[in-house]
Amino acid sequence: MAFFSGHGVRQMRTGWADGPEFVTQCPIRPGGSYTYRFTVQGQEGTLWWHAHSSWLRATVYGALIIRPREGEPYPFPKPKHETPILLGEWWDANPIDVVRQATRTGGAPNVSDAYTINGQPGDLYKCSSKDTTIVPIHAGETNLLRVINAALNQPLFFTVANHKLTVVGADASYLKPFTTKVLILGPGQTTDVLITGDQPPSRYYMAARAYQSAQNAAFDNTTTTAILEYKSPNHHNKHSHHRAKGVKNKTKPIMPPLPAYNDTNAVTSFSKSFRSPRKVEVPTEIDQSLFFTVGLGIKKCPKNFGPKRCQGPINGTRFTASMNNVSFVLPNNVSILQAHHLGIPGVFTTDFPGKPPVKFDYTGNVSRSLWQPVPGTKAHKLKFGSRVQIVLQDTSIVTPENHPIHLHGYDFYIVAEGFGNFDPKKDTAKFNLVDPPLRNTVAVPVNGWAVIRFVADNPGAWLLHCHLDVHIGWGLATVLLVENGVGKLQSIEPPPVDLPLC
C-alpha cells in the first residue's frame, strides 16, 4: 500500500488529493491506482511529494517545483542553474521492518545508518565514494539550490564549504533575502538559497548532519556529503551526476565546519531571520484561539505483555506521543474525510480539546500522573472563514524536543516563537504582525513554543502532525475539520470516482 502526499500543496477544495492514509483516503491497494487531481494556485517555489503511509516515505519521495508563470520573473536575479538538493535518511534494512520491530517492543526504533543527498550518502561513508552527488558550478555564476529535508526523523544542518548561502524562499513562499553559512531544516521543510561561484575553482563539500534537541535520545550522528565542483567555462555539463571535466577529480574536497549536534542557538538565530518580503495580511482579530501541547508520553504495558514488548523509557511502559493529552489513533476502515462527507458515524469524534485538559508547568518538572495520554480519534472543528491562532507548546514529558509541526491544506504565518511556557500576558508583545514568514511546517523550539495564524478558508479534514515519523506513529497528531462555507466555491468538491476503497 502506498500513496502520494503533495507536501504543502494548498489543495483548495480538493482534500481528496491530499494523501495521508485514513485521513483523506484509504490506502491505494497493491496493484491499484488513483489519480491525484489538484490545482496549484498562489504558490511559487519548492515543495515536495512523499508517501504518507507508515514509513514508506523513507524511500518514496521527490521534489515538486513551482516556477513563476511564463514571462514573470523571480523576485531575485535569475539564477543560471537550479539544483534540487533532497536530504534523505537511509536504513541498512527495510524501514517497514524497523518500524514494525519498534511497534512490537514499544521502544524507540533503530536510528538510521546514513543520510543522503539526492539519494547518495557521499564519500565519508565506507561504501559509497564512487557515487557521490556532484553539483556543478561555473566561476562567477549564481545558482539556486532548492533544499528539501525529506529525512524521516531528523532535523538537519546543511552547509557548503567556504560559500555563503542567501535564503530567498521556504515552503513555496518567498522571503526577505538574508545570508547565512548554515541552514537548518526540520523534516518536511524546504529552503531556497542562492549560491555564487565566488571562490577559487576547486571542489567543496556540501554537508548535512543532525540537529539533535532531545537529550539522551540515540540518533544517527553520521554526515552526508555532496560535492560542489567548479567547471571550466568551455565545458558545459548538463547532468550533475556525470563526472565532468574541469577541476581535476583528484582534488580532495574542502570540508566545512558544521554546528554542534545540539546547537539550539544556531537554530534559533536562523529561524529568527525569516521575514516575508513585504507587509502581509496577518489575521489580527482572532475567532478561534487554540492552545495545543505537543510531546512524548508513555503508556503502561497491558498485563498480558511480556518484558520484550515493554521497552519504553521506564520499565513496564511503551512509548507514545500526544497533543493536548490525546494520542491520535487513525481509523482503519474508512477515512475521516469520507466519514465526515458521507455522515458515517462512529469513525471519529469532534471533541479534540482547544486547550490542554489540565494546566501544568509544560517545560518544567512534569508530574508522572500527566505522562499517560488518552488514545482517541478526535478532530477539532473550525468554521469556514474563521481566523485561527494556534499556540504550539512543547512539553518536557519524557524529553523536550524540537518538533516540526506540519499542517496539511494550509500555509500559516509564524508570528512568534520562544522558550519556556507561553505567557499570553508577556509574549503577545513579541508577535510580528507586519512581515512574519508564511510556511506549512513550523519547528516548535525545544522546551519552547510557536504561534501560528491562518484563515480557515479551505474546507476538509486536515492532518496537523509532527513530521518526525516516529512521533506521528505514536500519536502526535490531530485533525482540523474545516466545515463547508456557503455555496459551491466554499465547499469541498465531491469525492472522485476512483477514490481508493478500504
Side-chain angles (χ1 to χ4, degrees), residues 8 43-48 63-87 117-118 133-150 156-186 189-208 225-231 233 236-240 246-247 253-254 256-259 266-267 269-278 435 437-439:
Q43 294 181 288
E44 275 180 33
T46 307
L47 295 174
W48 60 302
L64 190 62
I65 293 166
I66 308 159
R67 295 202 167 81
R69 284 178 190 278
E70 208 149 314
E72 288 191 11
Y74 288 115
F76 43 81
K78 189 174 187 323
K80 246 341 219 193
H81 299 286
E82 300 182 14
T83 310
I85 302 285
L86 284 104
L87 309 176
I117 296 178
N118 292 357
T133 297
I134 306 258
V135 178
I137 193 167
H138 289 84
E141 74 183 15
T142 296
N143 293 347
L144 179 65
L145 304 179
R146 299 177 177 273
V147 188
I148 299 166
N149 184 355
L156 294 166
F157 291 115
F158 173 83
T159 189
V160 183
N162 295 15
H163 288 70
K164 288 198 202 71
L165 303 171
T166 301
V167 177
V168 292
D171 294 2
S173 290
Y174 293 119
L175 292 165
K176 205 166 273 170
F178 68 93
T179 301
T180 180
K181 286 272 203 205
V182 179
L183 309 180
I184 168 78
L185 296 94
Q189 293 185 320
T190 75
T191 307
D192 290 353
V193 297
L194 297 173
I195 184 169
T196 300
D198 57 5
Q199 294 300 304
S202 185
R203 305 168 86 223
Y204 298 87
Y205 273 131
M206 300 176 155
T225 53
I227 297 169
L228 183 74
E229 186 166 272
Y230 278 71
K231 302 293 175 200
H236 194 70
N237 167 40
K238 269 191 178 151
H239 302 288
S240 61
V247 179
I254 295 160
L258 277 148
V267 175
S269 65
F270 180 68
S271 68
K272 281 197 167 147
S273 307
F274 279 58
R275 294 273 186 279
S276 281
R278 60 196 69 82
D435 59 355
L438 188 64
R439 302 209 66 173

(message) With rounding to the nearest 0.5 angstrom, report the CG to CG distance, Leu438 to Leu175.
(response) 9.0 Å
(request) Using the side-chain contact (heavy atoms from CB on, under 4.5 Å) rule, take Asn143 and Thr83 through it: C-alpha gap first, then chi angles, then the decisive distance, then the call. (result) CA-CA 8 Å; Asn143 293 347; Thr83 310; 5.7 Å; no
(message) Minimum heavy-atom separation for Ala63 and Ile148, please, with both atom names.
(response) CB-CD1, 3.7 Å
(message) Does any part of the side chain of Ile65, heavy atoms only, come nearer than 4.5 Å to the side chain of Pro84, both counted from C-beta?
(response) yes
(request) With rounding to the nearest 0.5 Å, note down the distance linking CD1 in Ile134 to NZ in Lys231. (result) 6.0 Å
(message) Using a 3.5 Å distance criterion without hydrogens, assess whether the side chain of Gln199 forms a donor-acceptor pair with backbone atoms of Tyr204.
(response) no
(request) Keeping the roles fixed (side chain from Tyr174, backbone from Glu44), state whether a donor-acceptor pair exists under 3.5 Å. (result) no
(request) Evaluate the side-chain proximity of Val193 to Thr166: yes if any heavy-atom separation is below 4.5 Å, no if none is. (result) no
(request) Evaluate the side-chain contact (heavy atoms from CB on, under 4.5 Å) criterion for residues Ile227 and Tyr205: first the C-alpha distance (whole Å), next the side-chain angles of each, then the deciding distance (0.1 Å), finally the verdict. (result) CA-CA 5 Å; Ile227 297 169; Tyr205 273 131; 3.9 Å; yes
(request) Measure the NZ-CG distance between Lys78 and Leu144 for me, rounded to the nearest 0.5 Å. (result) 9.5 Å
(message) How long is the straight-line distance from CG of Leu165 back to CZ of Phe158, given to the nearest 0.5 Å?
(response) 6.5 Å
(message) Restricting to non-hydrogen atoms, name the atom on Thr225 and the atom on Ala207 that form the minimum distance, rounded to 0.1 Å.
(response) CG2-CB, 4.1 Å
(request) Start with the C-alpha gap between Ile184 and Val182, add the side-chain angles, then the distance that decides, and say whether side-chain contact (heavy atoms from CB on, under 4.5 Å) holds. (result) CA-CA 7 Å; Ile184 168 78; Val182 179; 5.7 Å; no
(request) Mind telling me whether Phe270 and Phe274 have parallel, tilted or perpendicular rings, with 30° and 60° as the class edges? (result) perpendicular
(request) State, to 0.1 Å, how close Ser269 and Ser273 come at their nearest heavy-atom pair, and which atoms those are. (result) O-OG, 2.9 Å
(message) Distance check, rounded to the nearest 0.5 Å: Leu86 atom CG versus Thr190 atom OG1?
(response) 10.0 Å
(request) For side-chain contact (heavy atoms from CB on, under 4.5 Å), just list the numbers for Leu228 and Val135, CA-CA rounded to whole Å, side-chain angles, deciding distance to a tenth of an Å, and then say yes or no. (result) CA-CA 5 Å; Leu228 183 74; Val135 178; 4.1 Å; yes
(request) Enumerate the residue pairs fulfilling salt bridge (Lys or Arg N to Asp or Glu O under 4.0 Å) with a member in residues 158-177, sequence neighbours excluded, ordered by first and then second residue. (result) Asp171-Arg439, Lys176-Asp435
(message) Could you measure the distance from the CG atom of Asn162 to the CG atom of Asp198? Nearest 0.5 Å is fine.
(response) 9.5 Å
(message) Listing request: all salt bridge (Lys or Arg N to Asp or Glu O under 4.0 Å) pairs with a residue in residues 140-149, at least two apart in sequence or in separate chains.
(response) Glu82-Arg146, Arg146-Asp192
(request) Of all the heavy-atom pairs spanning Ile137 and Gly197, show the shortest one and how long it is. (result) CD1-N, 3.5 Å
(request) Mind listing the closest non-hydrogen atom pair of Ile85 and Met206 along with its distance? (result) CD1-SD, 4.1 Å
(request) Without swapping roles, check the side chain of Asn118 against the backbone of Thr133 for a donor-acceptor pair under 3.5 Å. (result) no
(message) Restricting to non-hydrogen atoms, name the atom on Tyr230 and the atom on His163 that form the minimum distance, rounded to 0.1 Å.
(response) OH-NE2, 2.7 Å
(message) My understanding is that only residues two or more places apart in sequence, or in another chain, count here; which of them pass side chain to side chain donor-acceptor pair (under 3.5 Å) with Ser271?
(response) Glu417
(message) Quick one, Pro79 and Tyr74 - any side-chain contact, counting heavy atoms below 4.5 Å?
(response) yes
